[in-house]
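Let me begin by presenting the structure, written as structure tokens, before commenting on it.
All ligand and atom numbering here is 1-based and tracks the order in the structure. This chain uses plain numbering: 1 for the first residue, then up along the sequence.
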Amino acid sequence: MDDRPIGVFDSGFGGLTVARAMIDLLPGEDLVYFGDTGRYPYGPQPLDRVREYARQITTVLVEQHDVKMVVVACNTAAAAALDLLRFEHDVPVIGVIDPGVRAAVTVTRNGRIGVIGTVGTIGSGAYQRAVRSMRAPVELTCTACPGFVEFVERGEFRSEQVHVLAERLLAPVLDGGVDTLLLGCTHYPFLARTIADVMGREVVLVSSADETAFEVRAILEDTGQGHRPGSEGKHRFVSSGDVATFKALGRRLLGPELDDVEGWEWD
Ligand code: DGL
């Protein structure tokens, strides 16, 4: 048994989709969520800089919050830094890219999967590498969706503007004849209805959140590091941006577990 919390981080609100799945699957686990809203969005920034941000946050989670595991609930940060974080820390570090690919591969029937993500994630080639290393017999059509994250961070999920943008940005995956669309950015599940409207009924949307939570559970079981049974998990939220905004929108997105937000300032 290990009663230390699990650390989860993202550039902002996106990782709350993963946190939600973890809270539902592992209600006894304590969680510390770090949203780097003071420095978001990560997607358009150089991967070197995102890697540095990911290292800084992981250090805060490990050294100040004494977490037993880190979940990089951000595709851009995982694409930039996952291997390095695993090398630098003794605790398990879980990303969202492999779990997302596993979920999409089990769903597709025609073997054609679309992947949408930030400019940083798509440009990194991380999804192609993940598919290759799993030897999955699928064909990917990957496309970046710049602008989607900003709509989510503004709390705007169903406007005419986001619909128009989605029609333009999703054209390549529609043309690719995909039957499965992997939401390769943890912010995108909040836009799922708009994305589904554009993609049509035949295309199944897949997010990495549930599969990532399953992976966390499997590791806790394998290592015997689960929280003592019977207790209800405590959930802490930290934001490097405006705390009141994080609290208001975060609560709308995650639910009642988000009842307080602590501020964090980078030096
Ligand atoms: N949620 C993040 C991801 O999964 C990135 C959002 C951003 O900051 O651009 O890639």
Those atoms of ligand 1 less than 4.0 Å from some heavy atom in [X]:
{"X": "Cys74", "result": "2 (C), 3 (C), 4 (O), 5 (C), 10 (O)"}
{"X": "His187", "result": "1 (N), 2 (C), 6 (C)"}
{"X": "Asp10", "result": "1 (N), 2 (C)"}
{"X": "Thr76", "result": "3 (C), 5 (C), 10 (O)"}
{"X": "Ser11", "result": "5 (C), 6 (C), 7 (C), 8 (O)"}
{"X": "Gly43", "result": "7 (C), 8 (O), 9 (O)"}

- Message: Under 6.0 Å from the ring centre and within 45 degrees of the ring axis: does the NZ or CZ of Arg39 meet both conditions for the six-membered ring of Tyr53?
- Response: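 Arg39 over Tyr53 ring: yes.
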- Does the cation-pi check pass for Arg154 over Phe151, that is, NZ or CZ under 6.0 Å from the six-membered ring centre and within 45° of its axis? yes
- For the residue pair Phe13 and Phe246, categorise the inter-ring angle as parallel (less than 30°), tilted (30 to 60°) or perpendicular (more than 60°). parallel
- Quick one: nearest non-hydrogen protein atom to atom 7 (C) of ligand 1, plus distance?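 The closest heavy atom on the protein side is Tyr42 N, 3.3 Å.
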- Message: Is it the case that atom CZ in Arg193 sees more than 12 heavy atoms from other parts of the structure closer than 6.0 Å?
- Response: no
- If you measure from each non-hydrogen atom of Asn75 to ligand 1, which part falls under 4.0 Å: side chain, backbone, both or neither? both
- Short question: side chain of Arg4, backbone of Lys68 - any donor-acceptor pair under 3.5 Å? no
- Item | Ala104 backbone acceptor or donor facing Thr108 side chain under 3.5 Å | no
- Backbone or side-chain N or O of Thr118 under 3.5 Å from ligand 1 N or O: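 There is no such contact.
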- Task: Take Trp266 and Phe34, measure what ring-ring contact (aromatic ring centres under 6.0 Å, His included) needs, and give me the verdict at the end.
- Result: CA-CA 13 Å; Trp266 296 112; Phe34 193 108; 5.6 Å; yes
